[in-house]
Amino acid sequence: MTIDFDQLILAEAPGGVIVTTPGHTVLRWTNGAERIFGYTSEEAVGRDLRELIALPGKRELDLEAARQLEQHGAFDYETLRRRKDGALIYVDSNNKVIYDEHGKIAYIVSSKRGMTQSKAKRDTLLIEAKFRDLLESTPDSIIMANPTGTIVLANAQAERMFGYERGELNGKLIEVLLPARFQHGHVAHRSHYFEQSRTRTMGAGLELYGVRKDEVEFPVEISLSPISTDAGAFVISAIRNVSERKKAEQKFRGLLESAPDAIVIVNRDGEIVLVNSQTEKLFGYPRSELLGKKVEILIPQRFAEQHPHFRTSFSAGPRPRSMGAGLELYGLRRDGTEFPVEISLSPLETEDGVLVSSAIRDITDRKRIERALNEKKVELERANQAKDLFLTSMSHELRTPLNAILGFTQLLANETLPSTEQQKRNFVRNILTAGQHLLTLINEILDLAKIESGTLSVSLEAVVLADLLDEVQAMVGDSAAQRGIRMVFPKPEALVVVADRTRLKQILLNLLSNAIKYNREDGVVVINANPAGAARVRISVQDTGKGLRQDQLAALFQPFNRLGQEGGNEEGTGIGLVVTKRLVELMGGSMGVSSTTGIGSVFWIELEISANSQLSQGAAAAALRPPPPAPSGNAALATLLYVEDNPANLLLVEEIVSFRPDLTLISAPSAELGIALAQSYLPQVILMDINLPGMDGHEAQRQLRANPRTAHIPVIALSANAMERDVKRSIAAGFFAYLTKPIDLDAFTAAVDRALARGPG
C-alpha cells in the first residue's frame, strides 16, 4: 500500500498547519490546528483567521507580520492567541508566503506549535529569580499567573493555604484552586481581564471561594494587580482567607437599624418585610405604608414593569452583588420625585427562607460633583490646548519679523562683505519695516491678552459717528490713493452709538486698512452706517476684493490664521480680526461677515444706539514668482534652491547668497513648485521652510526623498518653529540640518558648507 507521507504529516504532525489567502481567509485547517485552537476544519475554513484566534484590540503584531511577509516573504514569531473555549495560549508561528506566476502573494502557509507549557517553564525561571524573595516577605498568599492562566509562582503562604508542597502549583492552571462549579466560567473571566487589565479588588459584595488540595472549600477575598516584565504581562493575585470574618458578619445582621444607608429587606415574592429609619427618611414613607407592599413601589414606573423578572433571576441564584456600576439606577419618593441611587444586594438565610437585603444610597450629590468635575476637566483640557496652540503660533509669528531684523543687522554688521551703500540702505529699510510689523504684532498680542484676561477696560460714552468717520477717512485716504482705491464714505444721519471712542476708531481703522490692503487694483471700499432696528446701529465696510470661501470664513477669527496670505506681499499679523471682534463684544456689540468669492466681502459691526439722540480680509492671490532661469553652466557654481513663501525671508537669503561667489540661488514660494524645480534643476542644496501654504515642508521633503532623481540632495530645514521636539522630528525624518529663524549667519553658512562638502548620496 502506497502511503502519502505529505498528507500523513499534515494530518498527524504535532503542530498545526493553516493555509490562508492574503486577506486571512482560512483555506486549509489541519488536525493539529484543531488540537491547538479547538476549531474543527469545518468551523474554520472560510472564516477570517484573525476573528478565530486573535485577541481583540491587540493586532499590532499581526500588522507587523503582514508587513514582514510582504517585504521578506517569511516571518516567525511567538504570540498570545485565543482558543475556541476562550482560553488564552502561547503559540509559536512560522509563516511563509506562496507566490503565483505573476509574483503576487497567492497563499500564506503558517505552521503553528503550542508553547504554553514551555513558556510557563521559562516564565517560572524568570519570575522565581526576580520576585521570589519579595513575595515571600508579604503576609498574604500570592499567586502569579501568565495570560494563559498558568501559575508561574506561588509563595509559601499560598502553598500552605491551599495545601500544596513547594513548587507543586507551578505549571498548573489557576482553576485548580477554584471549586468545580466556578472553573468553567473563570476561563472567560481571566481571558477578559488581560484584555483590560487593571488593579482591582474582588470579593466586595461577592461570595468567592477557594478550594484546597483536599477539596475543602473556604471563602476568600482576592485583589488582582497586573504587572509587566521582560517576559511579558502577568497578574498578581493576593488571596486572603476570610472564614473568620464571615462568621463575625453573621453576628451583626441584626444591626440594620444602625446602618447609614437605607436598608430594605424583601421576601421571595418581592414583598417588603423590614425597613430601617433611613429608608423612611430617604423615600418619605412611614414604615407602616411600606411593610407588605411590593418593592416596586420604590422604583420609577419605566423600570418597575421589568423588575419582577430581575427579582426572580436573583432568587434563582442569590449572591451578594453591587448594582449601579455602569448603570443609571433611580429611586422613587412618595412625592413622585426621582433620585439616583447606588444599590447593593445580599441574600439572607432565615428560618422563613431566603430574604434579600438591599442597601440603598442616595448619590445625588456625588452625581452632581462628578458632572461638575467632568465639565471642569473638559474646560481645562480645551483651555490648555488653546493655550499651547496660541503659544506655538505666537512664537512662529514673532520669529518671522525677528528673522528679517537680525538677519539684515548681521549683514550690516559684517564689514567683510562687499555690500554697497544702496544695499545697506535697503537693509535698513527692511529692518525698519520688520520692526514696525513686530511692534504692531506685539501691540495686538498685548491687546488680545488683556481682553482674554479681563484686564482691558473700555470707557463707554456717546460717540457721534459722523465725526469719527471723518477722522478715519483722513487717516486712510493716502494709503487708499496710493493703491488706486476709491473710498465711498456715507453722509450719516445724526447717529450716536455707545462705545469707547478710541477703541471704535481702532476697530474702524483695522477694518478699512484690511479692505484697502486686500482689494483689487482700482477697487472700491464702501462704508455704510444705518440703524439696525430700534436700538442698534450697523456699520459695514464693503470691498471689491477676491472674497472668501466658506472654509476661510470658518477660520476667520482664529489667532494668527491669515487664510493663506502668509506668502503674499501684504504684511499682516493674523490677530487683528480677533482683537477687533473681542473689542466689539467688550463694548456690548456684535460682529459678522458675508462674502462672495470673486465679488468681495462685507464686514459689519453692530453697536447700541445712544439714548441721547467691516472688517475685510479678501483672499489676495498668492505672489508666485515665475520659474527662475536655468542656472549657469559654470561648474564652479553650486545651485541653492530656497522654498519660502515669505517675501522678507526670501529677500534676506538672496542678500546672503549674493555675497557668495560660489552659489547661485533659485526660489519657489510653495512646496509644489519647489519639488518641480528640484526635479528640473537638481540643485546641490535645498533650503526648505516648514510652514508653507498647502503642502508643508515635511511632506515636500518626504516626496523629494522618495524620488530617485532628488533623493540624494541634502535638504536643510529653515523654520520659526524652534521647539526641541520640532528639531528632533525633522532630523529623524531625514533633514540634513535644522536652522531656526531668526537666521544666525554663521550657522547658516556652516550648514550650507557642510551640505556642499557632502556631495551627492
Side-chain angles (χ1 to χ4, degrees), residues 14 35-36 38 78 80 83 85-92 113-191 193-194 197 201-203 207-246:
R35 288 191 293 271
I36 295 173
E78 181 180 282
L80 197 62
R83 283 176 47 85
D85 61 6
L88 302 181
I89 58 174
Y90 281 103
V91 175
D92 182 57
R113 185 162 60 97
M115 299 293 292
T116 301
Q117 287 301 316
S118 58
K119 178 70 164 62
K121 291 178 181 178
R122 296 199 309 268
D123 291 345
T124 297
L125 292 175
L126 175 66
I127 298 303
E128 283 273 354
K130 200 167 186 178
F131 297 100
R132 166 65 72 177
D133 292 340
L134 175 64
L135 298 184
E136 289 295 351
S137 64
T138 64
D140 289 331
S141 299
I142 302 295
I143 300 287
M144 285 188 69
N146 66 19
T148 67
T150 304
I151 298 172
V152 298
L153 185 144
N155 68 358
Q157 294 87 320
E159 290 168 336
R160 284 195 299 271
M161 177 185 290
F162 290 96
Y164 287 87
E165 297 295 328
R166 180 177 175 85
E168 189 178 356
L169 285 172
N170 292 347
K172 296 182 182 297
L173 290 176
I174 194 73
E175 281 76 25
V176 73
L177 304 179
L178 274 65
R181 63 186 181 279
F182 300 133
Q183 291 179 358
H184 179 72
H186 188 263
V187 173
H189 290 319
R190 61 173 166 79
S191 297
Y193 177 81
F194 276 94
S197 56
T201 300
M202 298 175 63
E207 292 289 347
L208 302 181
Y209 292 90
V211 62
R212 291 171 49 85
K213 185 178 180 181
D214 58 10
E215 299 183 354
V216 174
E217 295 185 14
F218 58 97
V220 294
E221 184 180 79
I222 303 174
S223 294
L224 302 177
S225 299
I227 183 172
S228 295
T229 72
D230 296 339
F234 297 85
V235 62
I236 298 178
S237 302
I239 307 168
R240 184 170 294 176
N241 187 335
V242 294
S243 299
E244 294 302 320
R245 184 197 302 173
K246 290 294 182 182

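Side-chain contact between Y209 and V220 is absent, with no heavy atoms from C-beta onward closer than 4.5 Å. L208 is not listed as a side-chain neighbour of F182, based on a closest heavy-atom distance of 4.5 Å or more. In this structure the side chain of I227 never reaches within 4.5 angstrom of the side chain of V235, judged on heavy atoms.
The distance from atom OG of S223 to atom CD1 of I236, rounded to the nearest 0.5 Å, is 11.5 Å. Atom CD in E128 sits 9.5 Å away from atom CG in D133 (nearest 0.5 Å). Rounding to the nearest 0.5 Å gives a distance of 5.5 Å between CD1 of I174 and OG of S237. Interatomic distance, I222 CD1 to D140 CG, rounded to the nearest 0.5 Å: 11.5 Å. With rounding to the nearest 0.5 Å, the separation of NE2 in H186 from CG in L177 is 9.5 Å. Here the CG atom belonging to L153 is positioned 7.5 Å from the CD atom belonging to E136, to the nearest 0.5 angstrom.
Within the 3.5 Å criterion, the main-chain N or O of L178 finds a donor-acceptor partner in the side chain of Q183. Using modelled atom types, one side-chain atom of R132 and one backbone atom of A154 make a donor-acceptor pair closer than 3.5 Å. In this structure, E159 contributes its side chain and G167 its backbone to a donor-acceptor pair below 3.5 Å.
Residues T124 and N170 share a closest heavy-atom pair of CG2-ND2, 3.7 Å. Nearest heavy-atom pair, P147 versus L88, reported as atom, atom and distance to 0.1 Å: O-CD1, 3.2 Å. Summarising the geometry of M115 relative to V91, their closest heavy-atom pair is CG-C, 4.1 Å, with the distance given to 0.1 Å. The minimum heavy-atom distance linking S243 with P219 is given by the pair OG-CD, 3.3 Å. The two atoms that bring A158 and I143 nearest to each other are CB-CD1, 3.7 Å, heavy atoms only. The minimum heavy-atom distance between L135 and M144, with the atom names listed, is CD1-SD, 3.7 Å.
Annotation: F218 is in aromatic contact with F162 [ring centroid separation under 6.0 Å].
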Could you walk me through whether K119 and E78 satisfy the salt bridge (Lys or Arg N to Asp or Glu O under 4.0 Å) test, starting with their C-alpha distance in whole Å, then the side-chain angles of each, then the deciding distance to 0.1 Å, before giving a yes or no? CA-CA 10 Å; K119 178 70 164 62; E78 181 180 282; 5.1 Å; no

Go through F131 and I142 one step at a time and tell me if the side chain to side chain contact (heavy atoms under 4.5 Å, CB included) criterion holds. CA-CA 11 Å; F131 297 100; I142 302 295; over 6 Å; no

Can Y164 and V176 be said to form a side chain to side chain contact (heavy atoms under 4.5 Å, CB included), step by step? CA-CA 11 Å; Y164 287 87; V176 73; 3.6 Å; yes

Please report the C-alpha distance between L173 and I151 in whole Å, then the side-chain angles of each, then the deciding distance to 0.1 Å, and finally whether the side chain to side chain contact (heavy atoms under 4.5 Å, CB included) criterion is met. CA-CA 6 Å; L173 290 176; I151 298 172; over 6 Å; no

Please evaluate residues R181 and E217 with respect to the criterion side chain to side chain contact (heavy atoms under 4.5 Å, CB included), reporting the C-alpha separation (whole Å), side-chain torsions for both, the decisive distance (0.1 Å), and the verdict. CA-CA 12 Å; R181 63 186 181 279; E217 295 185 14; 2.7 Å; yes

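Listed by chain and number, the residues in a salt bridge (Lys or Arg N to Asp or Glu O under 4.0 Å) with R212 are D214 (sequence neighbours excluded). Among residues two or more places apart in sequence or in another chain, the salt bridge (Lys or Arg N to Asp or Glu O under 4.0 Å) test is passed with E175 by R190. Under the side chain to side chain donor-acceptor pair (under 3.5 Å) criterion, T148 pairs with N146, T150, not counting sequence neighbours.
Salt bridge absent: E165 and K213 never bring a charged side-chain N and a carboxylate O closer than 4.0 Å.
The local environment of CZ in R113 is sparse, with at most 12 non-hydrogen atoms from other residues, nucleotides or ligands closer than 6.0 Å.
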